[in-house]
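Every heavy atom of this structure was used, including side-chain atoms; hydrogens, water molecules and symmetry mates were not. Every chain is numbered from 1 and lettered A, B, ... according to where its sequence line falls, protein lines coming before strand lines.
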Number of protein chains: 2
Amino acid sequence: MKGENRKQEIIQTAAKLFTEKGYSAVTMRDLAKAMGIKAASLYNHINSKQDILKSIIISLAETFTNGMESIKASNDNSIEKLKKIVTLHVEITSQNAYGMASLNNDWMHLEEQLDYYLKLRSDYEDDFRLIINRGIKTNELHNVNAEVALFSMLSTLRSLYLWLPKKEDIQKEQLTANLIEVLLDGINN
Amino acid sequence: MKGENRKQEIIQTAAKLFTEKGYSAVTMRDLAKAMGIKAASLYNHINSKQDILKSIIISLAETFTNGMESIKASNDNSIEKLKKIVTLHVEITSQNAYGMASLNNDWMHLEEQLDYYLKLRSDYEDDFRLIINRGIKTNELHNVNAEVALFSMLSTLRSLYLWLPKKEDIQKEQLTANLIEVLLDGINN
DNA sequence: GTCTATATTTTGATAGAC
DNA sequence: GTCTATCAAAATATAGAC
């Protein structure tokens, strides 16, 4: 489709601005200025501000869902599945850190797609929880509180967008390995 | 001071609304409606919307700074200090979860106090990092990547506001113990 | 301490020329 | 595809009556 490139450019620029100030505090005039055009011109490429937010968030949420489906379908044991989840988060976040910020912080400003997003997120967390519980049952994992373990891993993985852009020097694979070590084995000697 | 109670009531109500939609998306009319009065009436108690945000964030940030000073001043070893940091976060978050949401998500909308806040946060992270590095040096901790360990612990502790309100049934002490176990010892068997 | 009324600015979005 | 001009709604905040 003609002009689809320009639309993607607008969406990426918007994601960066949303990361810095949040969806509500970014005006169409801010976005236009960052693109070097006037606000009215944006509407030749996008339908509305809300449309931009939807484009950023939904595709990312679906990418996580697809990744989790693939992990569920594998024959890996629980530990391997958890490692793959870490890899999934590092992979997606390193490709679109600004989008991840919007996903994490501005999902509540979705309108028509809010319920759909909440369903995707809830299902993702359920799958994650199931893997942890399975690992405890098979003695692959300590008998920790599963909810606390889930919360801790998810909090860390969801915050990666804050941290990954600053660490371009570190290899993605090295970071993934370090994260797996800290999240699975802890830091205590 | 007369009416100081009403001011605190407004600040607490605002913190709750900020948690749900973010500072920028909450209007003075929203806040007034939640208080059961008209927007103009709010200005008899507070100077501006910005003034409310400042009141929420700065006092919390200073509470963290004071807590960290106390931990630094103690004679505890590194592990004990890390445990005390976990306790500090659970303590503060359980007392003011909505305020913690604003602290985490709306600090960038501070105006006059932004630089002061950033200094407090940066110093806090430096102190935290020093404790981890000391623990590695003394062999109390694994030789993990200190930055990754700091990032993981901070991400989890900063996300507590999302999770604590849902778990009122769990004893605060039990949660603290579970968190320490997961963060320090990991989940791997 | 709360109200009504209002000033001023800013917002998302549209119409139509080029 | 971008512009100027503009609209209608919504925002923060103030003034002054009660």
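Atom CG of L42(B) and atom P of dA11(D) are 14 Å apart (whole Å). Rounded to an integer number of Å, the gap from L53(B) CG to dT12(D) C1' is 15 Å. For L31(B) and dA10(D), the CG to P distance is 18 Å, given to the nearest whole Å.
Side-chain atoms of I131(B) and M68(B), non-hydrogen and from C-beta on, do get closer than 4.5 Å to each other.
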Could you pull out all donor-acceptor pairs under 3.5 Å where a side-chain atom in residues 53-61 of chain A meets a protein atom, sequence neighbours excluded?
residue	atom	partner	partner atom	Å
K54(A)	NZ	D51(A)	OD1	3.1
S55(A)	OG	D51(A)	O	3.0
S59(A)	OG	S55(A)	O	3.2

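In summary, E125(B) and R158(B) engage in a salt bridge, as defined by a charged side-chain N under 4.0 Å from a carboxylate O. Salt-bridge formation is not detected for the pair R134(B)/E80(B): no Lys NZ or Arg NE/NH1/NH2 atom is positioned less than 4.0 Å from an Asp or Glu carboxylate oxygen. Taking the charged nitrogens against the carboxylate oxygens, E147(B) and R129(B) do have a contact shorter than 4.0 Å, which makes a salt bridge.
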Protein proximity profile, nucleotides 4-18 of chain C - base contact B, sugar-phosphate-only contact S, no contact -, cut-off 4.0 Å on heavy atoms: B------BBBBB---
